[in-house]
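Worksheet: the structure to be examined is printed underneath.
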Amino acid sequence: MDFSFQRDHQAFQEVLQAFAQTELLANYTRWDREATFPRDMWRKLGQLGVTALRVDEAYGGAGADAIMAGIAAEEVARGDFNLAYSVILHSLVGEILNQHASEDIKASYLPSLANGERVFAIAVTEPDAGSDAAAMRTRAERRGDRYILTGEKSGISAAAVADVFLVFAKTDVNAGAKGISAFVVPADTPGVSVKRYEDMGSIPIARGSVVLDHVEIALENRVGAENRGFYEVMNGFDLSRILIALQCIGAALQSLDETMAFVKVRHSFGQPLAKYQGVSFQIAEHYTKLQMVRWHCYRTLWLRDALQPHTMEAAMAKWMGPKTAVEAIHQCILLNGHYGYTKDLPLEQRLRDVIGLEIGDGTAQTQQMIIARELLGKAYKPY
Ligand SMILES: Cc1cc2nc3c(=O)[nH]c(=O)nc-3n(C[C@H](O)[C@H](O)[C@H](O)COP(=O)(O)OP(=O)(O)OC[C@H]3O[C@@H](n4cnc5c(N)ncnc54)[C@H](O)[C@@H]3O)c2cc1C
């Protein structure tokens with residue numbers, strides 16, 4: 001066993017730590033208040049290689065392992081939780097296109113995904129199909145050398161700012177999960193329109209709906225084999241689930257660091273707050289829980305890199321990462337007293353932002369269903 005990061009992991013971690021503290025943290029709350037998507041910063045992250053991690057070098061990517069993507073999710077989220085979506089979305093879509101898209105699609109899309117010039121989003125959820133994604137109704141009808149896509153995708157991260165969507169749609173309406181395919185759909189294709197939501201958190205990420213009204217796309221825009229989208233392409237979600245967990249943990253560890261600095265200088269009853277076990281044990285408890293989940297995440301990324309099964313472990317990470325982070329940040333707010341409740345500190349925003357990912361990419365119950373299915377066997381799944 002070897003639990004240490006390799007030298008290149010450490011070097012990248014140090015670069016990102018410095019960048020997150022100097023360039024991201026100072027602007028995190030401003031972008032929320034102004035409701036602006038910092039496209040320039042997304043590009044800067046592209047220059048650092050953050051958006052290129054799961055893309056082969058032949059297409060301008062970094063060809064990095066999954067552990068490197070985990071480090072990026074954690075460290076970028078320490079500075080700005082929302083910009084860490086660049087790691088999640090571009091690792092997920094980048095890996096899927098890299099593995100399953102045609103050569104033409106890879107050559108036309110991957111370089112701009114890798115360098116952060118274009119923003120890529122993933123569209124699975126629909127107004128009537130969330131946890132039960134296989135119940136989606138968006139259709140992709142084949143007409144000669146084209147597909148016609150019609151339907152509505154909802155809850156999509158970066159919907160209002162994305163340049164390209166990876167859209168999942170039914171190519172066989174009678175085949176359930178076995179009738180779904182994935183398609184690359186540029187946001188400026190005629191028939192595509194988006195509607196931005198007013199969310200509680202992650203406001204710069206501009207979540208929203210994507211309406212597809214008879215959107216015509218070429219055959220080669222299909223990613224992977226027809227009707228295999230759910231099985232081939234959705235394997236990517238095992239990666240995004242672990243990265244989301246580390247994104248949430250990064251935000252929570254940053255909150256704990258800030259809170260530790262505060263309780264050392266804030267006094268009550270003549271002593272620093274940090275001297276009271278009512279305070280220090282809270283910090284000890286949340287730090288312990290976060291580190292346990294964090295190392296579970298890195299082990300799961302290691303399993304992915306080693307091409308070993310890790311669907312159950314990814315679901316555990318996705319369940320426990322956001323949950324543990326939310327609990328820790330909540331406690332940090334309380335330990336900062338009334339200052340913690342103000343918008344002067346980034347804590348309330350982190351709580352709003354992180355809660356979203358208790359839902360996004362599958363709720364706690366969805367993850368528990370996966371864990372139970374893997375443990376008890378498919379014969380006992382409830383659907
Ligand atoms: C911040 C954020 C980002 C997102 N980003 C994206 C994105 O980029 N792309 C995308 O496609 N989607 C995205 N989503 C959508 C997200 O994936 C879905 O919201 C999620 O899968 C849940 O689906 P739903 O909202 O339809 O809830 P539902 O499926 O209607 O579930 C509602 C509640 O019922 C529970 N539930 C449902 N079925 C069961 C069951 N069988 N047993 C027990 N409990 C059950 C759920 O856990 C949940 O608590 C995002 C959502 C959020 C909040």
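Note that the structure is predicted; figures quoted are calculated from it, not measured. Indexing begins at 1, ligand by ligand and atom by atom, following the structure's order.
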Presence of salt bridge, [Y] and [X], under 4.0 angstrom:
| X | Y | value |
| --- | --- | --- |
| Asp128 | Arg137 | yes |
| Lys106 | Asp56 | no |
| Arg350 | Glu258 | yes |
| Asp32 | Lys343 | no |
| Arg43 | Asp40 | yes |

If you take all heavy atoms of Ala114 and Gly60, which pair is closest and at what distance?
->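 In this case the closest contact between Ala114 and Gly60 is CB-O, 3.4 Å.
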Show me the short polar-atom pairs for ligand 1: any N or O of it lying under 3.5 Å from a protein N or O, with distances only.
{"unit_1": "ligand 1", "atom_1": "5 (N)", "unit_2": "Gly155", "atom_2": "O", "d": "3.2"}
{"unit_1": "ligand 1", "atom_1": "5 (N)", "unit_2": "Ser157", "atom_2": "OG", "d": "2.8"}
{"unit_1": "ligand 1", "atom_1": "8 (O)", "unit_2": "Ser157", "atom_2": "N", "d": "3.1"}
{"unit_1": "ligand 1", "atom_1": "8 (O)", "unit_2": "Ser157", "atom_2": "OG", "d": "3.4"}
{"unit_1": "ligand 1", "atom_1": "9 (N)", "unit_2": "Ile122", "atom_2": "O", "d": "2.8"}
{"unit_1": "ligand 1", "atom_1": "11 (O)", "unit_2": "Val124", "atom_2": "N", "d": "2.8"}
{"unit_1": "ligand 1", "atom_1": "11 (O)", "unit_2": "Thr125", "atom_2": "N", "d": "2.8"}
{"unit_1": "ligand 1", "atom_1": "11 (O)", "unit_2": "Thr125", "atom_2": "OG1", "d": "3.1"}
{"unit_1": "ligand 1", "atom_1": "12 (N)", "unit_2": "Thr125", "atom_2": "OG1", "d": "2.7"}
{"unit_1": "ligand 1", "atom_1": "14 (N)", "unit_2": "Gly155", "atom_2": "O", "d": "3.1"}
{"unit_1": "ligand 1", "atom_1": "17 (O)", "unit_2": "Thr125", "atom_2": "OG1", "d": "3.4"}
{"unit_1": "ligand 1", "atom_1": "17 (O)", "unit_2": "Asp361", "atom_2": "N", "d": "3.3"}
{"unit_1": "ligand 1", "atom_1": "23 (O)", "unit_2": "Ser131", "atom_2": "N", "d": "3.3"}
{"unit_1": "ligand 1", "atom_1": "29 (O)", "unit_2": "Ser131", "atom_2": "N", "d": "2.9"}
{"unit_1": "ligand 1", "atom_1": "29 (O)", "unit_2": "Ser131", "atom_2": "OG", "d": "2.6"}
{"unit_1": "ligand 1", "atom_1": "47 (O)", "unit_2": "Thr363", "atom_2": "OG1", "d": "2.5"}
{"unit_1": "ligand 1", "atom_1": "47 (O)", "unit_2": "Gln365", "atom_2": "OE1", "d": "2.9"}

